Amino acid sequence: MSKVYVFDHPLIQHKLTYIRDKKTGTKEFRELVDEVATLMAFEITRDMPLEEIEIETPVTTAKTKVLSGKKLAIVPILRAGIGMVDGVLKLIPAAKVGHIGLYRDPATLKPVEYYAKLPADVEERDFIIVDPMLATGGSAIEAINSLKKRGAKSIKFMCLIAAPEGVKVIQEEHPDVDIYIAALDEKLDDHGYIVPGLGDAGDRLFGTK
Ligand code: PRP
Ligand code: URA
């Protein structure tokens, strides 16, 4: 079964409070999402494998460590996932970036894929899907399916706020995909919005409402 990691670092929790606050405007919201994505990237890379190499310091020869293992790819779910990409790239600048375009049909709440473009070497990469919200889980499942269909073997899912319903559906349908979140909220409302949540992540990021 997928593991769920809640990043309860005080800086993440503090910033998340202002992300949730409806008084926070677009500019600040965008900056905060970017900052939290960087902090989450720091946590999510904790288990990255290292290898030892030998270098010359100005003083002597030293055996020290560098990252090894597979290369990373970040895949935002459009549109709101875009708000987390730069924050992750600050720590992992060599990562490739794929894109999956999905929107939730407001009537059915089901995701509809309208775009997908991934790095060519899909099978060789560790993927991190990013999206601020995991609500019903429909978009996440669709994005994971889309990656797996194209050959992805290693996928993590990272979001700011998750509802229990979304976590459960990933665990049931993709037990190999671990979930990394900043907060696990209470529930979904009748329109599929996370309660207490932060509202519509895309609209708040891009100022479209
Ligand atoms: C939001 C959010 C997720 C999705 C989560 O996107 O960014 O992708 O909803 O909901 P789910 O777990 O119930 O699928 P939305 O569909 O509003 O599209 P947008 O990013 O283009 O605004
Ligand atoms: N998508 C959002 O942007 N917000 C929610 O609360 C649920 C889905």
Side-chain angles (χ1 to χ4, degrees), residues 2 4 6 15-26 28-34 36-37 40 74-88 97-118 127-149 152 155-175 177-209:
S2 351
V4 182
V6 183
K15 290 174 192 295
L16 191 58
T17 296
Y18 294 99
I19 289 174
R20 290 181 187 276
D21 191 333
K22 70 176 185 185
K23 295 197 296 296
T24 300
T26 302
E28 202 188 343
F29 185 91
R30 205 179 283 149
E31 288 166 358
L32 286 163
V33 169
D34 180 75
V36 170
M40 292 185 79
I74 304 156
V75 178
I77 301 180
L78 307 182
R79 354 167 242 172
I82 289 174
M84 297 175 73
V85 173
D86 284 352
V88 177
V97 181
H99 293 86
I100 303 227
L102 297 174
Y103 66 89
R104 285 202 310 181
D105 183 304
T108 64
L109 299 183
K110 296 266 178 277
V112 181
E113 183 174 299
Y114 60 86
Y115 187 77
K117 183 82 181 170
L118 301 178
F127 283 87
I128 304 175
I129 299 176
V130 295
D131 190 326
M133 311 305 276
L134 173 61
T136 63
S139 305
I141 295 294
E142 195 60 29
I144 296 166
N145 285 341
S146 184
L147 255 63
K148 286 189 175 175
K149 196 172 68 189
I155 303 172
K156 293 175 173 170
F157 184 86
M158 181 168 111
C159 69
L160 301 185
I161 301 179
E165 293 87 336
V167 169
K168 184 161 174 276
V169 85
I170 293 185
Q171 288 184 316
E172 284 169 359
E173 297 205 23
H174 294 289
V177 176
D178 289 341
I179 304 163
Y180 300 81
I181 63 185
L184 181 60
D185 274 12
E186 204 183 311
K187 59 176 184 184
L188 295 177
D189 70 11
D190 294 343
H191 306 285
Y193 275 85
I194 299 178
V195 180
L198 54 73
D200 187 301
D203 284 342
R204 295 202 60 195
L205 260 176
F206 299 112
T208 41
K209 207 161 202 169

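Excluded from the calculations below are hydrogen atoms, water molecules and symmetry mates; all remaining heavy atoms, backbone and side chain alike, are included. Every number for a ligand or one of its atoms is a count from 1 in the order of the listing. Values in this document were obtained by computation on a predicted structure and should not be read as measured data.
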Note to self: On a heavy-atom basis, which atom in Val195 and which in Leu188 lie closest, and how many Å separate them?
What the structure shows: CG2-C, 4.2 Å
Notebook entry, point to check: Are any of the N or O atoms of Met133 closer than 3.5 Å to those of ligand 1?
Noted result: no
Next item on the list: Compare every heavy atom of Val33 with every heavy atom of Gly83, then report the nearest pair and how far apart it is.
Entry: O-CG1, 3.5 Å
Next item on the list: Considering non-hydrogen atoms only, spot the tightest contact between Ile161 and Gly197 and give its length.
Entry: CD1-C, 4.0 Å
Note to self: Could you tell me, atom by atom, which parts of ligand 1 come under 4.0 Å of a heavy atom of Ala80?
What the structure shows: 7 (O), 20 (O)
Notebook entry, point to check: Does some side-chain heavy atom of Phe127 sit less than 4.5 Å from a side-chain heavy atom of Lys156?
Noted result: no
Checklist line | Where ligand 1 meets Tyr103 - atom numbers and elements under 4.0 angstrom, heavy-atom basis | finding: 16 (O)
Notebook entry, point to check: Does the side chain of Ser2 come under 3.5 Å of the side chain of Asp178 through a donor N or O and an acceptor N or O?
Noted result: no
Notebook entry, point to check: Taking side chain as C-beta onward, heavy atoms only, is Ile179 less than 4.5 Å from Gln171?
Noted result: yes
Margin query: Closer than 4.0 angstrom, basic N to acidic O: yes or no for Arg79 and Asp131?
Written below: no
Next item on the list: Mind listing the closest non-hydrogen atom pair of Lys148 and His174 along with its distance?
Entry: NZ-ND1, 2.8 Å
Notebook entry, point to check: Among Val75, Val4, Ile77, which residue meets the side chain to side chain contact (heavy atoms under 4.5 Å, CB included) test with Phe157?
Noted result: Ile77
Check: Any Lys/Arg nitrogen of Lys15 or Asp34 sitting under 4.0 Å from an Asp/Glu carboxylate oxygen of the other?
Finding: no
Check: Does a side-chain heavy-atom distance below 4.5 Å link Ile19 with Arg30?
Finding: no
Check: To the nearest 0.1 Å, how far is atom 19 (P) of ligand 1 from its closest protein heavy atom, and which atom is that?
Finding: Arg79 NE, 3.6 Å
Next item on the list: Taking only heavy atoms of Ala135 into account, list the atoms of ligand 1 that are under 4.0 Å away from them.
Entry: 10 (O), 11 (P), 12 (O), 13 (O)
Next item on the list: Can you see which heavy atom on Asp200 is nearest to which on Tyr193, and at what distance?
Entry: OD2-OH, 3.0 Å
Checklist line | Any N or O of Ala201 closer than 3.5 Å to N or O of ligand 1 | finding: no
Next item on the list: Look at atom 17 (O) of ligand 1 and say which protein heavy atom is nearest, naming residue and atom and giving the distance to 0.1 Å.
Entry: Asp200 OD2, 4.1 Å
Next item on the list: State whether the shortest distance between N or O atoms of Gly192 and N or O atoms of ligand 1 falls below 3.5 angstrom.
Entry: no
Notebook entry, point to check: Just which atoms of ligand 1 are under 4.0 Å from any heavy atom in Gly138?
Noted result: 12 (O), 14 (O)
Notebook entry, point to check: What protein heavy atom sits nearest atom 13 (O) of ligand 1, and how far away is it?
Noted result: Thr136 OG1, 2.5 Å
Check: What pair of heavy atoms forms the shortest contact from Leu134 to Cys159, and how long is it?
Finding: CB-SG, 3.8 Å
Notebook entry, point to check: Should you measure from each heavy atom of Gly137, which atoms of ligand 1 turn up under 4.0 Å away?
Noted result: 11 (P), 12 (O), 13 (O)
Using a cut-off of under 3.5 Å, which N/O atoms of ligand 2 pair up with protein N/O atoms, and what distance separates each pair?
residue, atom, partner, partner atom, Å
ligand 2, 3 (O), Ala201, N, 2.8
ligand 2, 4 (N), Gly199, O, 2.8
ligand 2, 6 (O), Ile194, N, 2.8

Next item on the list: Indicate yes or no: does an N/O atom of Ser139 lie under 3.5 Å from an N/O atom of ligand 1?
Entry: yes
Next item on the list: Answer yes or no: is there a side-chain heavy-atom contact under 4.5 Å between Ile194 and Met133?
Entry: yes
Next item on the list: For atom 15 (P) of ligand 1, grab the closest protein heavy atom and report residue, atom and distance to one decimal in Å.
Entry: Arg104 N, 4.3 Å
Next item on the list: Have a look at ligand 1 and work out which part of Asp131, if any, has a heavy atom under 4.0 Å from it: side chain, backbone, both or neither.
Entry: side chain
Next item on the list: Flag atom 5 (C) of ligand 1 as yes if some protein heavy-atom distance to it falls below 4.0 Å, otherwise no.
Entry: yes
Notebook entry, point to check: Hey, is Ala140 one of the residues with a heavy atom under 4.0 angstrom from ligand 1?
Noted result: no
